[in-house]
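For the numbers below, each heavy atom of this structure counts, side chains included, while hydrogens, waters and symmetry mates do not. All of these numbers come straight from a predicted model, not from anything done at the bench. The residues of the chain are indexed from 1 along the displayed sequence. Counting convention: from 1, in listed order, for ligands and their atoms alike.
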Amino acid sequence: MDMMCLDANSVTERACRSCGGSGIETFLEFGKTPLADRLLTSSDIAEPEPIFPLRVAFCKDCSLVQITETVNPIILFADSYPYYSSFSPALLKHSRANAVDLINRRGLGPESLVIELASNDGYLLKNYVEAGIRVLGIDPADGPAAAAERVGVPTRCAFFTRDLAETLRAQGMRADIIHANNVLAHVADTNGFVAGIARLLKDDGVAVIEAPYVEPLIEHCEFDTIYHEHLCYFSVTALDKLFRRHGLYLNEVKHLSIHGGSLRLYVEPRENVGATVKEQLAHEASRGIDAIGYFRDFSTKVDALKRDLSTLLRRLKSQGATIAAYGAAAKGATLINTVGIGRDLVDFVVDRNVYKHNKYMPGQRLPIRSTEALLEVQPDYVLLLAWNFVDEILDQQAEYRARGGKFIVPVPTPRII
Ligand code: JHZ
Ligand code: ZN
């Protein structure tokens, strides 16, 4: 691998991203890795690739798990960001149910306003548009933002900040609902982002926020969901403190199976903490998720998984098997680059997202093809990089499996199905 380190494009944090405390302790080290969503074109392949330290730490003051390196967000998100939410039917279904539930529960109508931060290609807001409700999407990635406009979702192509919240408020905007799915962990100015939500919500409004949950990450060894875009790995304990700092209250929490186990948070300007939150806080205290001890042996578990997966792939290969991979996911980049899965083991990766075709995975540079390639080539095994959509993908690949093809699911422990 030909790589270089662009130090000027990142900073190493010495204090906690949330509370500013200096008691952050590293418990997992990946060394330097390339950026997970920075897919390479055939002309990039001749160039060295930027790599950045990937190191995970725990804050003893507010319990927040976080990485210590902040890569310039323009590099991460603004420029040819390849992630389009609408390529997953399961995600579309999940998002629609969320919108329908809120429209009913909160009695939303044409006079209501729903804002989504990181609205991507309009996958969620389009459901409100259909119901005649006013919406505004905000997203810094120009490709997905343009796709949202095409489906009738007015979108402002910008990063959401405290300043943007002030500007919108000055224009008379206050939201009944603010959605922020899989973005809170991506924002370098964690406090500014939450302060912006507080400024933009109506007094009786609610922020409905989804974020991957740190407990399944640790329990199911989902270490591949760690990459530079994900700055924070939230517990309810850490979130509760973060919101309170800005006069917001985490009043209700739900567990979701999406992305390997996520939380949906209902956050309001009025304190009305329900049983779901109290129980979750008690659960985290009893499991010790609010203390460093819970995280100390994670690194050993990650090493064991990496070794087992590498051994399995090498054994299959030495038996003459052909192996491809499914899902040019960001987490796939962490997996192949930390385990060391190159062209010697995996021939190509398939993905339904047409924007990813004919590009190459970062670091190991596995070529990305359309999913049809699985039936054309019929490799003996397919390593499932998008393991979070296992049911959906196995159903969709019934023909490949009927012809004898097998999937390798890497986490929580590598297994063949
Ligand atoms: P997917 C994403 O990470 C994006 P990724 C982001 N980094 C984030 O925060 C997390 O989610 C939470 C493809 N696919 O969604 C689509 C098929 O080809 O698991 C995607 O390229 N066929 C902002 O990138 C990839 O797989 C299918 O049937 O790790 C899945 O990526 C399905 C369902 C998906 O997340
Ligand atoms: Zn802290």
Chemist: E284 pairs by side chain to side chain contact (heavy atoms under 4.5 Å, CB included) with which of V214, V236, D240?
Modeler: V236

Chemist: Does N358 CG have over 12 foreign heavy atoms under 6.0 Å away?
Modeler: no

Chemist: Does CZ in R270 sit with more than 12 non-hydrogen atoms of other residues, nucleotides or ligands closer than 6.0 Å?
Modeler: no

Chemist: Parallel, tilted or perpendicular: which describes the rings of F389 and H259, with under 30° parallel and over 60° perpendicular?
Modeler: perpendicular

Chemist: Considering only heavy atoms, which protein residues lie less than 4.0 Å from any atom of ligand 1?
Modeler: Y81, Y83, S88, N182, H186, Y227, E229, H230, H259, Y326, G327, A329, A330, K331, D351, R352, K356, A386, N388, F389, E392, I393, Q396

Chemist: Take the Zn ion (ligand 2) as the vertex and measure to SG of C16 and SG of C19; round to 10°.
Modeler: 110°

Chemist: Do the rings of H186 and H230 sit parallel, tilted or perpendicular, given the 30° and 60° boundaries?
Modeler: perpendicular

Chemist: Vertex the Zn ion (ligand 2): angle to SG of C62 and SG of C59, to 10°?
Modeler: 110°

Chemist: Rounded to the nearest 0.5 Å, how far does CD1 of I416 lie from CZ of F407?
Modeler: 12.5 Å

Chemist: Does I45 offer a backbone N or O that forms a donor-acceptor pair with the side chain of R365 under 3.5 Å?
Modeler: yes

